[in-house]
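Here the structure is a predicted model, which is why all the values come from computation and not from measurement.
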Amino acid sequence: MATSDRLPIHRRIAYGVGHVQNDLCASMWFSYLLIYFHSVLNFSNSLAGYLMLVGQVADALCTPFVGYESDRTSVNHCYGRRKIWHLVGVVCVAASFPFIFNKCITCDGSDDWAQFIYYAPFVVIFQFGWASTQISHLALIPELTSNESVRVELNAIRYAFTVTSNICVYAVTWLLLDIPNAANPGEPKENLDPDDAPEFMKLSLIVVGIGLCFSFVFHLGTKEKKNNSDSQLNVALYQEKTIMTWKDWLKEPQFYMIAVIYMCTRLMVNVSQVYIPMYLTHSLQLPKDSIAIIPLIVYISGFITSTLMKLVNKHAGRKVTYLLGALLVLSACVSLWFKTIGHFIYISAVLLGAGGSTVLVTSLSMTADLISEDTDSGAFVYGAMSFTDKLSNGIAVTFIQTFHPCITCCVDCKWFYKDIMVYVPGGCAVLAIIMLFVLWPQTIGNRWRDRKQLQSIVGGPSSGSVENSENTPLLRENGVEGSINA
């Protein structure tokens with residue numbers, strides 16, 4: 001191991017905090033956007049869904065674009081090709097996110113469609129910035145060090161700050177919403193209403209402020225290499241192997257299999273994250289601070305489980321680990337089906353967090369296995385996976401909001417969100433398991449292209465381009481942790 005590959009501890013920490021702003025904003029976006037626009041701003045269900053669709057589509061389109069342009073940016077850029085895109089993203093997120101969780105400055109009280117037009121540009125700018133920060137931060141790992149153990153450590157530090165960021169959002173929300181009503185200082189309000197708008201504005205400002213501080217630390221402490229010290233070796237290696245282009249990836253069957261699994265995984269995690277506040281307040285009619293307490297339990301249980309699942313992955317491999325996670329999600333969905341769930345909601349939250357974290361981290365590991373050593377086009381693969389994720393989530397939320405039984409609360413409306421929490425994540429878990437069994441006989445990372453090329457030369461079967469083990473660490477070199485809240 002080269003000494004130059006051992007990053008100083010302060011640079012490892014500096015890199016790890018580079019995604020904190022994204023983590024904070026993503027947690028608030030998925031957990032509170034719909035309930036804020038519906039319960040606080042009194043948007044219709046369908047229009048609130050359309051606003052999230054605008055954001056998800058914008059993110060879906062921006063992610064592969066940023067990945068492609070980031071790969072094309074000159075390596076000798078004075079500030080670093082990854083860091084410049086990261087900086088652009090930080091500025092866009094900071095400049096737009098507070099406006100999303102604030103009342104319309106000039107059109108408060110106007111028709112919903114007028115306010116929709118006001119909020120949409122801020123949502124698009126935010127999603128472009130989020131994608132720019134995410135992809136550039138992921139793509140920076142292989143350029144900081146070529147040592148696998150250091151890359152694993154960078155991902156572990158990154159994930160630790162992701163957990164801390166989510167806990168921070170839910171804890172601050174809990175505190176803000178638990179403040180007694182100004183009209184009745186001794187009585188905290190139980191339900192969300194337009195009077196809670198200032199609390200969400202404060203939360204967004206706190207989130208952006210903390211994120212900017214950590215982004216400053218990242219840019220100050222992270223030194224991107226302008227010239228790769230291994231460039232001559234890389235040139236020689238490129239001459240000996242055929243580089244995977246985006247066209248080659250589109251011809252790989254495993255690319256689509258992993259994409260379906262990843263899409264289903266994100267639907268399981270994100271749809272449950274989006275609708276659990278609505279389920280708690282509308283279906284179970286719990287106090288408003290439950291929208292902070294239950295998601296906090298979900299996330300903490302997911303973090304604890306992710307450490308335990310590393311042992312399962314080490315001994316049983318990716319596919320068995322993913323199967324266990326999907327079964328945990330199914331168990332949570334079955335438990336949520338009962339209307340008289342009562343205090344068992346806490347057990348369901350633990351199951352949902354444990355299963356969601358397991359399938360998410362494992363699906364990201366599968367994506368890294370798919371990329372294997374073709375890191376030059378890794379940003380495209382992550383961008384493509386994210387494209388399916390964002391688009392499917394946006395379409396799903398829009399359909400759910402459009403088919404909401406009514407605008408005002410009624411008997412059908414009350415249990416609508418229960419059905420969503422049961423059938424959408426549960427159905428996606430079933431579909432993911434089916435695709436997992438289709439993928440099961442194959443070794444992830446073996447190339448159909450290389451097999452065909454070798455067969456044409458020697459007239460026999462090939463084992464693939466690279467030897468790939470599915471028992472390698474879950475948080476491995478290609479930015480596998482990704483963005484847990486993306």
Side-chain angles (χ1 to χ4, degrees), residues 10-30 33 55 58-71 73-74 77-102 121-141 143-144 154-155 157-166 168-169 172 201 203-226 379 382-383 386 390 479 481-486:
H10 69 277
R11 291 198 176 176
R12 280 175 272 168
I13 297 296
Y15 170 80
V17 302
H19 206 259
V20 166
Q21 185 184 56
N22 265 21
D23 292 329
L24 292 167
C25 292
S27 180
M28 192 172 173
W29 167 267
F30 281 112
L33 182 79
D59 196 357
L61 296 175
C62 290
T63 301
F65 167 78
V66 170
Y68 180 71
E69 290 298 326
S70 177
D71 287 339
T73 304
S74 172
H77 195 283
C78 61
Y79 194 65
R81 61 173 179 168
R82 307 302 186 188
K83 284 180 65 179
I84 192 65
W85 279 97
H86 186 282
L87 181 61
V88 169
V90 167
V91 172
C92 289
V93 169
S96 60
F97 192 72
F99 290 96
I100 299 174
F101 286 91
N102 193 8
F122 292 115
V123 169
V124 172
I125 295 171
F126 161 65
Q127 292 292 358
F128 169 77
W130 202 97
S132 182
T133 300
Q134 178 202 28
I135 296 301
S136 57
H137 195 252
L138 283 172
L140 189 57
I141 292 180
E143 300 190 11
L144 290 177
L154 288 175
N155 275 297
I157 295 172
R158 187 178 189 271
Y159 183 52
F161 280 105
T162 297
V163 173
T164 305
S165 300
N166 282 266
C168 176
V169 169
V172 173
M201 181 190 67
L203 180 60
S204 67
L205 292 174
I206 292 171
V207 161
V208 169
I210 295 174
L212 283 175
C213 292
F214 281 107
S215 296
F216 177 77
V217 172
F218 167 79
H219 282 274
L220 189 65
T222 303
K223 306 298 180 183
E224 183 177 348
K225 297 177 183 178
K226 297 180 182 178
Y382 281 116
S386 186
K390 308 302 180 185
E481 187 272 325
S483 178
I484 291 295
N485 295 294

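N22 contributes atom CG, which lies 14.0 Å from atom CZ of F214 (distance to the nearest 0.5 angstrom). One finds the CE atom of M28 at 13.0 Å from the CG atom of N166 (value rounded to the nearest 0.5 Å). A distance of 14.0 Å separates OG1 of T222 from CZ of R82, quoted to the nearest 0.5 Å.
I125 meets the side chain to side chain contact (heavy atoms under 4.5 Å, CB included) test with C92, S96; sequence neighbours excluded. With sequence neighbours left out, the side chain to side chain contact (heavy atoms under 4.5 Å, CB included) criterion links C25 to Q21, V93, F97, F126, V207. Residues passing the side-chain hydrogen bond (donor to acceptor under 3.5 Å, both in side chains) test with T63, sequence neighbours excluded: D59. F65 meets the side chain to side chain contact (heavy atoms under 4.5 Å, CB included) test with E69, W85, F128; sequence neighbours excluded. Partners of S165 under the side chain to side chain contact (heavy atoms under 4.5 Å, CB included) rule, at least two apart in sequence or in another chain, are V20, D23, L24.
Put simply, the side chain of K390 never gets that close to the backbone of A58: no donor and acceptor are under 3.5 Å apart. In this structure a side-chain-to-backbone donor-acceptor pair under 3.5 Å is missing from T133 to W130. Distance alone, capped at 3.5 Å, places no donor-acceptor pair between the H19 side chain and the H137 backbone. With hydrogens and angles ignored, the 3.5 Å screen pairs no side-chain donor or acceptor of Y15 with any backbone N or O of K223.
Sorted by first then second residue, the salt bridge (Lys or Arg N to Asp or Glu O under 4.0 Å) pairs that include residues 213-222, not counting sequence neighbours, number zero.
Two residues are said to be in side-chain contact when any heavy atoms from C-beta on lie closer than 4.5 Å; V90 and H86 meet this criterion. In this structure the side chain of L205 never reaches within 4.5 angstrom of the side chain of N102, judged on heavy atoms. At least one side-chain heavy atom of W29 sits under 4.5 Å from a side-chain heavy atom of V123.
Between S204 and P98, the closest heavy-atom pair is OG-CA, 3.8 Å.
Counting non-hydrogen atoms of neighbouring residues, nucleotides and ligands closer than 6.0 angstrom, the CZ atom of F99 reaches no more than 12 such neighbours.
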